[in-house]
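Down below is the structure, laid out as structure tokens.
Order of appearance sets the numbers: ligands from 1, and atoms from 1 within every ligand.
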Amino acid sequence: MQEGTVITLGRHIVEQERLYPEATGAFSNILYDIALAAKIISREVNRAGLVDIIGSAGKFNIHGDDVRKLDEFANDVMFNALDHTGNLCVMASEEVDDPIPIPDEFPCGNYVLLHDPLDGSSNIDANVSLGTIFSIHRKISRGERGSLEDLLQPGHRQLAAGYIVYGSSTMLVYTTGAGVHGFTLEPSIGEFLLSHPNMRIPDPGKKIYSVNEAYYKRWSPGQQKAVDVLKDEGYSLRYIGSLVADFHRTLLYGGIFMYPADKKSPKGKLRLLYEAAPLAMVIEEAGGASSEGTRSILQVGPSELHQRTPLYLGSKSVVDKVEATLKA
Ligand code: AHG
Ligand code: MN
Ligand code: MN
């Protein structure tokens, strides 16, 4: 990108919208509202260590009364940023068991949002990177308000997907199917600025595999063999234990991220609708591959809102090699 060209997220979204003549602007507003929520979550995540010392504005106080988990805080921020806009017909969140209806006092729109408001939150005390993951679908149910039917859609029908990583800098990465684009938050002006246009995953990229190897003994023989082969080929292990951080590194450096099924968790740990499917859309749009062990995550038809799935994401040649070993 030419030196000095500053493209804000807002300008980029408008330019992307022009690619879709039938676009009404509602879709762009959803992305913009997610970015607003991300800025608020970023501020709290970056202050988390200070809450017990100087308290924080809003929902926390210095005595720790009513101190809500950051997951719940992030969940509330996402809901409050999007519930009244008239663009969504229903939402779903990792933090809420049931579908989240749009309050009756607000109109419903034609879009659906599923999200993991704060991913990796077990790491917050260790100041490890966290994330937010989001997935946007079109409303398909006939009723005026949204329903579970609108939420249980396969990943290949996503209109947009992306994540925010709250790390050494806060980055928002999203795709609408026209490339993957990364924006870095400039806190001094509160704007996400285009820093990584048209992101493509290197293939095969760096020899990095990312998995929690503590579970090795619980894996299938195929999974054990797949990791043994990568190690024999000189791969290094990098595992942060924060999906968004491990994914972001994989997207930038290449290699593979794996959260396999095992004897204790026969469907794996990660959730299909708001962790695996959005990240699968991003990585496949960036030229990489996703799998649940036999096929693309985007082909999986969901039956339950919080269903889990084994998850492989990375450079296509590496994912294909691991898949072949799993199937052998
Ligand atoms: P969440 O904080 O949204 O529940 O997600 C945690 C997930 C994911 O971030 C990470 O990849 C995984 O938990 C790590 O699990 P293990 O500790 O079992 O490796
Ligand atoms: Mn998560
Ligand atoms: Mn979470």
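Between Tyr274 and Phe134, a ring centre-to-centre spacing not shorter than 6.0 Å is recorded.
Looking at Glu95 and Ser93, their side chains never bring a donor and an acceptor atom within 3.5 Å of each other.
A distance of 12.5 Å separates CE of Met199 from CD of Glu285, quoted to the nearest 0.5 Å. Between atom OG1 of residue Thr176 and atom NE2 of residue His181 there is a gap of 6.5 Å, rounded to the nearest 0.5 Å.
Look at Leu118 and the Mn ion (ligand 3): an N/O/S atom of the residue is under 2.8 Å from the metal. Distances from the Mn ion (ligand 3) show that Asp71 has no N/O/S atom below 2.8 Å.
For ligand 1, none of its N or O atoms has an N or O atom of Ser122 under 3.5 Å away. For the pair Asp71 and ligand 1, the shortest N or O to N or O distance does not fall below 3.5 Å. The N/O atoms of Phe257, backbone and side chain alike, include none that comes under 3.5 Å of an N/O atom in ligand 1. For ligand 1, the polar-atom distance check finds an N/O of Leu243 within less than 3.5 Å of one of the ligand's N/O atoms. Checked against a 3.5 angstrom limit, the closest N/O atoms of Glu94 and ligand 1 fall inside it.
Cation-pi geometry between Arg218 and Tyr215 is satisfied (NZ or CZ under 6.0 Å from the ring centre, within 45° of the ring normal).
Counting just the N/O/S atoms of Asp116, the one with the shortest distance to the Mn ion (ligand 3) is named OD1. The N, O or S atom of Glu275 with the smallest distance to the Mn ion (ligand 2) is OE2. Take the N/O/S atoms of Asp119: the one nearest the Mn ion (ligand 2) is OD1. In terms of distance to the Mn ion (ligand 3), the nearest N, O or S atom of Glu94 is named OE1.
If you number the atoms of ligand 1 from 1 as listed, the ones under 4.0 Å from a heavy atom of Ser121 come out as 2 (O). Near Asp116, meaning under 4.0 Å from any of its heavy atoms, are these atoms of ligand 1: 3 (O). Per-residue contacts place Tyr259 under 4.0 angstrom from the following atoms of ligand 1 (heavy atoms of the residue considered): 15 (O), 16 (P), 18 (O), 19 (O). With ligand atoms numbered from 1 in the order given, ligand 1 contributes 3 (O), 5 (O) to contacts under 4.0 Å with heavy atoms of Glu275.
In this structure, the side chains of Gln307 and Ser303 come closer than 4.5 Å at one or more pairs of heavy atoms. Side-chain contact check for Asp76 versus Phe79: every heavy-atom pair is 4.5 Å or farther apart.
Not one N or O on the side chain of His12 forms a donor-acceptor pair closer than 3.5 Å with the backbone of Leu194. Using modelled atom types, one side-chain atom of Ser242 and one backbone atom of Ser129 make a donor-acceptor pair closer than 3.5 Å. Of the possible polar contacts, none joining the Glu44 side chain to the Ile40 backbone as a donor-acceptor pair under 3.5 Å is found. Looking at Thr85, its side chain does come within 3.5 Å of a backbone N or O of Leu82 through a donor-acceptor pair.
Test Ile189, Ile13, Leu193 against Thr8 for side-chain contact (heavy atoms from CB on, under 4.5 Å) and you get one pass: Leu193.
Using a 4.0 Å cut-off between heavy atoms, Val244 makes no contact with ligand 1 at all. Looking at Ser242 against ligand 1, only its backbone comes within 4.0 Å, counting heavy atoms. Contact annotation for Asn212 and ligand 1: only side-chain heavy atoms (C-beta onward) come within less than 4.0 Å of the ligand.
Of the protein's non-hydrogen atoms, Asp119 OD1, 3.0 Å is the one closest to atom 5 (O) of ligand 1. The protein non-hydrogen atom at the shortest distance from atom 17 (O) of ligand 1 is Lys269 NZ, 3.9 Å.
Residue contacts with ligand 1 include Leu118, since one of its heavy atoms falls under 4.0 Å from the ligand.
Counting heavy atoms only, Tyr239 comes closest to atom 14 (C) of ligand 1 of the residues Tyr239, Tyr215, Tyr274, Phe247.
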